Number of protein chains: 2
Amino acid sequence: MKALYFDGRLALREVEKPRPGPGEALLQVTLAGICGTDLEILKGYSGFRGILGHEFVGHVVECAEKKWVGKRVVGEINISCGECDLCLWGLGRHCSRRTVLGIANRDGAFAEYLVLPVVNLHEVPKSIPDEAAVFVEPLAAAAEILEQMTVLPATQVAVLGDGRLGLLVAQVLHQAKANVTVIGKHGWKLDLARSWGIKGTTAGDGQVRDRSFRVVVEATGSPTGLRDALRLVAPRGTVVMKSTFQEKAQFDTSKLVVDEITLLGSRCGNFSIALDLLARGQVKVGHLLSKTFPLEAGLEAFAYVKETPCLKVLLATAASGT
Amino acid sequence: MKALYFDGRLALREVEKPRPGPGEALLQVTLAGICGTDLEILKGYSGFRGILGHEFVGHVVECAEKKWVGKRVVGEINISCGECDLCLWGLGRHCSRRTVLGIANRDGAFAEYLVLPVVNLHEVPKSIPDEAAVFVEPLAAAAEILEQMTVLPATQVAVLGDGRLGLLVAQVLHQAKANVTVIGKHGWKLDLARSWGIKGTTAGDGQVRDRSFRVVVEATGSPTGLRDALRLVAPRGTVVMKSTFQEKAQFDTSKLVVDEITLLGSRCGNFSIALDLLARGQVKVGHLLSKTFPLEAGLEAFAYVKETPCLKVLLATAASGT
């Protein structure tokens with residue numbers, strides 16, 4: 001099968017079709033999304049070698065549990081041991097023996113087929129089209145914030161970054177009735193936020209006061225985002241960190257201590273919550289889709305993401321019928 | 001009066017005795033403690049110019065509210081406006097218009113006299129001697145952790161740093177029934193922790209496993225402490241930051257995101273809680289006292305703190321009778 005393989009260099013390769021082990025299913029990928037983490041992996045983040053890609057929607061084509069065969073599914077990306085204390089405690093996403101689809105020790109979704117344990121699968125309701133279902137993974141990551149902390153209605157929240165993840169986070173917190181302001185750099189992305197009833201502004205326009213947000217979500221994907229977040233957050237407030245990147249960030253920890261700020265690291269979330277948000281129409285992803293490339297044009301797609309002001313870029317396999 | 005004044009250089013000076021304004025009291029300082037923050041101010045932290053010192057015990061010698069005159073007191077170090085939203089919300093320690101005794105825009109306690117608002121004063125119960133009362137400010141800062149987060153009995157807690165603050169934090173969390181390990185560098189300081197029934201160990205002795213502590217308190221006073229703390233904390237755990245220093249810290253924010261760590265900045269605490277801990281004998285400070293110098297030998301005292309492995313060093317005025 002065809003796959004986008006990274007071994008220090010990204011290349012389209014012909015590789016062996018994977019075979020499901022016990023408890024696993026073979027999925028045919030329909031659509032897969034390119035994520036900021038993929039770009040960081042190309043820079044060396046996580047030291048991953050293999051088939052990239054962790055955002056996808058597809059069909060089960062082979063599975064010992066016959067009821068799954070033919071089902072349209074998305075899949076949780078952390079493959080946990082299921083036996084350690086963290087797994088038993090419901091924190092399998094933090095299992096120290098885990099592999100992560102397309103990120104750590106497991107081939108990913110930029111391929112015609114992939115293999116995942118059945119316990120990782122979620123059937124996609126008919127009401128959610130493929131082009132929306134492919135957003136379930138990043139949307140779950142956005143919704144993870146509400147699993148980690150309480151954001152009360154009317155709470156002043158700033159979302160730093162108007163990229164793919166920032167716009168999902170903003171919608172998740174907006175539907176939770178927080179008072180959200182997206183602080184970004186691109187007029188057309190901020191207009192998109194405004195079209196959903198969310199405030200959008202650029203950092204330099206004088207509309208945002210320092211130390212005025214109870215919660216700031218750092219979703220810029222840049223090491224300097226943390227500095228801006230610490231400037232905007234109110235004393236005793238919380239900065240949620242969503243960006244992962246290869247570089248180390250440098251910051252004034254005294255500011256954190258003196259203002260008693262909480263920095264909250266936040267990663268992957270629960271897929272069923274994301275599916276529910278999409279099914280109820282509480283998060284809109286239609287306008288987040290910039291362009292779809294065939295899997296075979298994967299290198300071109302990566303070049304496009306790096307060079308073009310865009311939001312989500314997808315890779316489509318032959319199975320997508322596009 | 002005599003005072004230790006810092007204007008880029010620390011010097012013993014003869015300065016004017018301060019005069020209390022409305023709502024303020026004039027205090028005669030008995031004992032004052034040298035803190036890590038004082039050493040950081042000498043390196044440029046906070047940009048302070050004036051009389052140093054914020055840990056003290058003394059007597060009220062002049063006050064419009066006559067009932068205070070003659071009382072033995074300690075004093076909260078943040079002087080707040082009392083009118084802004086944060087003050088009205090009970091977060092006066094974060095008032096943006098605040099001054100801070102010996103740290104920001106207000107002369108401090110390394111002097112024969114100081115002035116504080118009456119609302120900042122706490123009478124010291126007879127059962128607490130001066131040599132213990134002078135620990136109220138750092139002990140309140142240690143106890144602040146329990147005002148910010150819940151630490152359940154038996155929680156695995158590592159306290160990084162066996163200095164003055166680390167040993168107070170360890171005792172506060174130990175009396176809250178947490179399972180505390182102090183990780184330090186000095187055998188005799190760790191022995192002190194052990195004498196209170198608290199585990200003490202050095203970082204390299206193989207007794208501490210990485211990612212094994214639910215809570216890690218960073219009290220090393222060094223920018224590298226955060227790196228060690230992030231190594232020791234378990235996924236979804238909390239690192240409490242107590243150190244303030246002049247330098248910026250650099251760290252791997254991806255670790256924070258991937259392991260969903262909470263970094264909690266923690267500063268000053270409630271004096272009445274600290275007085276209560278001392279009065280009930282739940283925190284021992286006797287062995288934390290290394291040496292007392294007369295105020296006039298203040299420069300010598302600072303040199304001693306910098307050069308000698310020690311814990312708390314005090315400055316005593318003539319009023320102390322020592």
Side-chain angles (χ1 to χ4, degrees), chain A residues 37 40 45-46 78 85-86 89-91 93-96 98 100 103-104 141 144-145 147-149 210-211 218 222-223 225-227 230 233-269, chain B residues 37 40 45-46 78 85-86 89-91 93-96 98 100 103-104 141 144-145 147-149 210-211 218 222-223 225-227 230 233-269:
Chain A
T37 303
E40 289 299 315
Y45 173 70
S46 98
N78 294 280
D85 290 345
L86 283 168
W89 204 5
L91 290 178
R93 294 196 295 262
H94 292 283
C95 170
S96 62
R98 74 183 182 277
V100 188
I103 296 177
E144 169 75 348
I145 296 170
E147 285 187 68
Q148 294 179 274
M149 70 181 289
D210 286 356
R211 300 161 60 94
E218 198 294 293
S222 151
L226 182 56
R227 221 174 305 158
L230 287 173
V233 69
R236 286 262 184 134
T238 298
V239 172
V240 181
M241 299 276 303
K242 290 296 307 182
S243 305
T244 46
F245 35 74
Q246 171 62 6
E247 303 95 322
K248 289 193 177 188
Q250 200 181 41
F251 77 108
D252 178 4
T253 49
S254 295
K255 156 85 181 176
L256 192 91
V257 172
V258 170
D259 281 352
E260 297 192 315
I261 305 303
T262 298
L263 259 189
L264 179 67
S266 176
R267 187 173 42 110
C268 297
Chain B
T37 303
E40 289 298 315
Y45 173 70
S46 97
N78 294 281
D85 290 346
L86 284 167
W89 204 4
L91 290 178
R93 295 196 295 261
H94 292 284
C95 170
S96 62
R98 74 185 182 277
V100 189
I103 296 178
E144 170 73 349
I145 296 170
E147 285 187 69
Q148 294 179 275
M149 68 181 290
D210 286 355
R211 298 160 61 94
E218 198 292 294
S222 150
L226 181 55
R227 221 173 306 157
L230 286 173
V233 69
R236 286 263 183 133
T238 298
V239 172
V240 181
M241 299 276 303
K242 291 296 307 184
S243 305
T244 46
F245 36 75
Q246 172 60 6
E247 303 95 323
K248 289 193 176 186
Q250 200 180 40
F251 78 107
D252 179 4
T253 48
S254 294
K255 156 86 181 174
L256 191 91
V257 172
V258 170
D259 282 352
E260 297 192 316
I261 305 302
T262 298
L263 259 189
L264 179 66
S266 176
R267 186 174 41 113
C268 297

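The sequence lines fix the lettering, A, B, ..., with proteins before strands; numbering per chain opens at 1. Being a predicted model, the structure only gives us computed values, none of them experimental.
- For the pair B:Arg236 and A:Glu144, the salt-bridge criterion is met [side-chain N within less than 4.0 Å of a carboxylate O].
- Residues A:Arg98 and B:Val258 come closest through the heavy atom pair NH2-CG1, 3.4 Å.
- For a residue to count as touching a neighbouring chain, one of its non-hydrogen atoms must lie under 4.5 Å from one of that chain's; by this rule A:Ser243 touches chain B with the backbone only.
- Remark: of the listed residues B:Leu256, B:Thr262, B:Ile261, B:Thr253, B:Leu256 is the sole one forming a side chain to side chain contact (heavy atoms under 4.5 Å, CB included) with A:Leu263.
- Of the atoms belonging to A:Glu40, not a single heavy atom falls under 4.5 Å from chain B.
- Contact of A:Glu218 with chain B is not made at all, since no heavy-atom distance falls under 4.5 Å.
- By the 4.5 Å heavy-atom criterion applied to side chains, B:Pro235 and A:Leu91 are not counted as neighbours.
- With a threshold of 4.5 angstrom between heavy atoms, A:Lys255 does not approach chain B through any atom at all.
- The main-chain N or O of A:Glu260 is never found under 3.5 Å from a side-chain atom of B:Arg267 such that the two would form a donor-acceptor pair.
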